[in-house]
Each structure stands twice: as structure tokens, then as C-alpha cells.
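Values below: all heavy atoms of this structure, side chains included; hydrogens, waters and symmetry mates excluded. For ligands, and for the atoms within them, numbers begin at 1 and follow the listed sequence.
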Amino acid sequence: MAAKNKTVYFCQNCGHEENKWLGQCPACKEWNTFVEETVVTGAPGKARGGTKRAQTPRALTLREIEHVQEDRYSSHIAELDRVLGGGIVPGSLVLVGGDPGIGKSTLLLQVCQKLAGDERDVLYISGEESLHQIKMRAERIGIFNDHLKLLCETDLDTIRETIEREKPQAVVIDSIQTMSSDLVSSAPGSVSQVRDSTNVLLQLAKGLAVTVFVVGHVTKEGQVAGPRVLEHMVDTVLYFEGERYAAYRILRSVKNRFGPTHEIGVFEMASDGLKEVANPSEYMLEGKPQEAPGSVVVCCMEGTRPMLVEVQALVARTNFGYPRRTASGCDYNRLNLLIAVLSKRLGIDMSDEDAYVNIAGGIKLNEPAIDLGIILALVSSYSNKVIDEHMIAFGEVGLSGEIRGVTMPQQRVLEAKKLGYTTCLLPQASLRQVKGAEGIRLIGVRHIEEAVAQI
Ligand code: TYD
Ligand code: MG
């Protein structure tokens with residue numbers, strides 16, 4: 001079959017394909033994300049699948065498959081190793097997504113620095129910045145040795161040749177949206193280019209056992225394909241997030257073929273690169289007010305890691321008829337629900353009170369275990385009573401005002417104990433799962449009424 005050009009429309013947000021232009025993507029419901037692209041059909045697929053192999057492979061039983069221990073190596077950045085599931089896997093393709101300016105290039109350059117320091121050959125390929133710009137960034141970060149090589153290139157065939165010639169152990173591609181291949185006619189950053197480039201990199205990674213880190217920008221405009229388009233092709237997807245103006249950054253794994261997901265690594269952006277934050281609880285609680293009503297410490301879980309954060313609430317008389325509710329860092333609907341539970345079950349009427357809830361430190365939590373903290377902070381601010389500053393609380397609140405058990409209570413209690421808290425308010429149902437908590441007073445509660453009585 002001869003090669004044929006076909007015009008298709010791709011959603012630049014999720015990669016959904018349509019034969020005609022649509023205003024809204026039926027898959028991800030984003031508006032104005034379809035862009036016309038030309039794809040070649042027929043010939044290439046034929047050429048790839050055309051040569052028949054001499055021997056068709058035989059299907060195997062599980063017992064026949066040899067067990068190979070993946071020999072991971074450490075990046076010497078403990079927070080990154082944790083998120084990757086215990087180190088870097090050779091031959092894996094890791095996507096690092098995030099908003100522009102969040103620090104993806106900085107993080108990966110620091111990974112290069114550590115790996116080169118370990119006498120591993122690494123290649124950093126940038127399609128966005130000049131060698132001069134990279135050098136300036138490297139000078140801020142520290143000292144690099146000659147195991148790191150840099151290249152400014154956007155042509156995929158040249159990149160492939162360079163990788164095959166240099167045979168590095170790890171490669172960084174910054175960013176996938178700038179890479180293009182002559183075989184695909186669409187512009188760099190389009191869905192077909194991004195997918196084709198990822199495919200080439202995937203083959204290189206598996207064929208040469210090099211680890212490839214790929215940077216993908218999260219974009220809002222919809223003209224450039226976002227990292228979601230290639231999530232299903234890569235082995236590991238990490239997102240780098242954080243408030244642009246807050247110093248801390250969170251690296252989160254959302255997909256990992258070689259380890260657990262929903263692990264986080266916490267970093268802080270300093271003037272000389274990213275610094276690891278080994279104890280995020282201490283960091284999140286920095287600057288917590290003392291003797292202030294409306295403030296309580298809760299313990300949430302990020303992956304397998306407990307983290308103490310401060311929940312703040314401000315309840316104030318409404319000036320105009322309609323009360324305002326603001327939730328920053330937690331779910332707005334959840335806040336409304338908890339206010340309704342307070343009114344119905346405890347008779348605390350907030351219908352002429354504004355309520356503002358804020359999770360300090362700019363972190364976003366959507367775990368139900370913070371419900372009890374929100375309730376306590378609201379009641380504390382409403383009644384203007386201070387909550388004991390040596391107490392933490394966690395528990396999910398149900399519609400009847402009951403307090404339900406949460407996962408991993410033991411880890412939460414131990415984290416509180418480690419940071420010197422002396423009292424912990426927790427669901428009665430979780431109480432018997434907690435062991436080794438001498439030195440911290442545990443108060444099991446069944447209903448919000450019992451919990452509120454502790455203020
Ligand atoms: P960068 O890694 O370029 O972001 P990305 O690749 O995700 O677009 O980081 C950009 C920001 O980080 C920039 O605003 C400057 C800041 N920065 C520091 O604060 N300290 C540093 O040591 C470095 C290298 C960057
Ligand atoms: Mg960058």
C-alpha cells in the first residue's frame with residue numbers, strides 16, 4: 001500500500017482523535033483544543049510489520065520466565081529515589097511534567113550532577129535553552145565533572161545518532177514538546193510529533209538500557225500537546241507541582257511500572273538549586289500561630305508518608321445577606337457539607353457567618369481524614385476558644401456527625417509523637433490499630449460532639 005496523507009484533528013489536551021473539528025473534546029471535555037494535523041498512513045506501518053520473523057515466538061508459562069532483579073541505581077537525591085520506588089531503573093522512560101518555571105530543568109540538571117558525580121555518563125539534551133543558559137544554571141547549582149555532556153538539538157534523528165554513539169547511562173530530554181522528526185509533517189509540540197518522538201525514545205531506552213528522563217510542560221492554551229498525551233506510553237509519570245511563589249515543590253508519582261504511586265518527594269527552591277526537605281511536617285508547621293482560635297494541626301498521608309499540616313478557619317459575621325465560604329487547599333463542597341453537619345447535628349448555625357478555611361503552607365489536601373480538623377477549626381473560631389497547641393486531630397466525618405476510621409492511624413500518631421505533640425484526637429474505630437504510642441495521650445472519639453467537647 002502506498003503512503004497516504006490523511007488530515008485528522010487531535011485534542012492537544014488528551015490526545016483524542018477525530019475526523020472533523022469539534023469545539024469541545026468528547027473525551028476530556030476541554031474546549032477549543034482540537035488542532036488539525038496530517039498523518040501518513042499505510043507505508044510506514046507496512047514497512048515495520050512487513051518483514052516476517054523467521055521464528056514466531058512461543059507463549060511461556062510464568063514458571064519458565066526467569067526472575068531478573070532490576071538493578072536500580074541511586075540518584076543520590078533521596079526524595080527522588082523514594083518517588084521512583086527505590087532508585088532509577090535502567091532502560092526506563094520517566095516523564096517529568098509540570099507548569100513552566102516550576103523547576104523541572106533545575107531538578108533534572110541536579111540529577112545529572114549527582115549521576116555524573118557517581119561516574120555515570122549522562123547526556124542532557126535541551127531544545128529550549130542555549131548551552132550558555134544551561135551553563136549559567138549549572139553554575140548556580142554547583143560543581144559538575146566531565147561525565148556530563150550537553151547538546152542543544154531538536155531533531156530526533158540527530159538525537160538518536162548521538163545517543164547511539166555516546167552510549168550514556170542516562171539521558172535528559174528537555175522538553176518533549178520541542179522535539180521533532182522529519183518523518184512527521186506536523187509542527188513540533190503537536191500530538192503526532194510528541195507521540196512519535198516518545199516512541200523513538202522508548203525504543204532507544206529499551207534497546208540500549210539507558211534511562212531517559214523526558215520533560216513535558218503542562219500547557220493551558222491547547223496549542224501544544226500536554227504531557228497527558230504520552231502518559232500511557234511511558235513507564236513512570238512524575239508531576240512537579242507547587243505554588244509558583246511559595247518555595248516548596250512537591251514531586252508526585254501518578255504512574256509507576258516499577259514501584260508504588262502517590263508517593264511524594266518534597267523540595268525547596270533555593271538560590272542555589274533545589275534542596276531536599278527531609279522532614280516536611282516541620283516545614284509545613286513553620287510559623288504556626290500560638291494561642292490563636294481557629295487553628296488546629298491535622299495529620300494527612302501523602303503516599304506512605306505522614307505529614308502534619310495546620311488547618312486554619314475564620315468564622316466572621318456576614319455583612320451582606322449571603323454568607324461567603326472560601327476553601328483554599330481543601331475541597332469547597334466538602335467544607336459546605338461539614339458546615340451543614342455542624343448545623344444539623346450540633347445546632348451550630350453558621351447561616352449568617354462567613355467561613356474561610358485555609359490549609360497553611362499552600363499545599364492541597366483532598367483526604368477525608370482532615371474533616372475532623374476542619375470541624376474543630378471552624379468551631380474553635382466560631383466560639384473564639386483556643387485549641388490546645390500540643391494536640392493533633394484526624395478522622396473522617398460522616399453525614400450523621402459520626403467519626404469514621406481512616407487508613408494508617410499508627411503512622412499518623414507516631415509522626416505526631418515524633419514532633420512532640422502530647423495529645424491525639426482520633427476515631428474510636430482506629431484506636432486499636434495504634435501500637436507503640438507511649439508518651440502521647442490518645443483520645444478515641446465516635447461523634448463530633450465528643451470531639452468538640454475537647455476544645
Ligand atoms: P526551571 O528549572 O527553569 O523551570 P522549568 O524547567 O520547569 O520551566 O526553574 C525556573 C525557576 O527556578 C526560575 O524562576 C528560577 C528559579 N531558580 C531558583 O530559584 N534557584 C535556582 O538555583 C535555579 C537554578 C532556578
Ligand atoms: Mg525548563
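Without hydrogens or angle criteria, R195 side chain to S190 main chain gives no donor-acceptor distance under 3.5 Å. A donor-acceptor pair is defined here as one N or O able to donate and one able to accept, closer than 3.5 Å; such a pair exists between the side chain of S281 and the backbone of L308. Side-chain atoms of K167 never come within 3.5 Å of backbone atoms of D121 as a donor-acceptor pair (strictly under, hydrogens ignored).
Counting heavy atoms closer than 4.0 Å to ligand 1, residue R140 contributes side-chain atoms (C-beta onward) but none from N, CA, C or O. Of the heavy atoms in P100, only backbone atoms (N, CA, C, O) come closer than 4.0 Å to ligand 1.
In summary, R82 and E79 engage in a salt bridge, as defined by a charged side-chain N under 4.0 Å from a carboxylate O. With respect to the salt-bridge test (charged N to carboxylate O, under 4.0 angstrom), the residues K104 and E129 do not qualify. Taking 4.0 Å as the cut-off between side-chain N and carboxylate O, E231 and R228 do not count as a salt-bridged pair.
Nearest residue to atom 3 (O) of ligand 1 from K275, H217, R137 is R137 (criterion: closest heavy atom).
Geometrically, ligand 1 and G103 share a nitrogen or oxygen pair separated by less than 3.5 Å.
At least one N/O/S atom of S105, whether from backbone or side chain, sits less than 2.8 Å from the Mg ion (ligand 2).
Taking a cut-off of under 4.0 Å to the non-hydrogen atoms of A270, the atoms of ligand 1 that pass are 18 (C), 19 (O), 20 (N), 21 (C), 22 (O). Interface of G273 with ligand 1, defined as ligand atoms under 4.0 Å from a residue heavy atom, comprises 21 (C), 22 (O). Against a heavy-atom cut-off of under 4.0 Å, D272 is close to the following atoms of ligand 1: 22 (O).
Under the 6.0 Å distance and 45° angle rule, R120 counts as a cation-pi partner of Y73.
No heavy atom of G98 sits closer than 4.0 Å to any atom of ligand 1.
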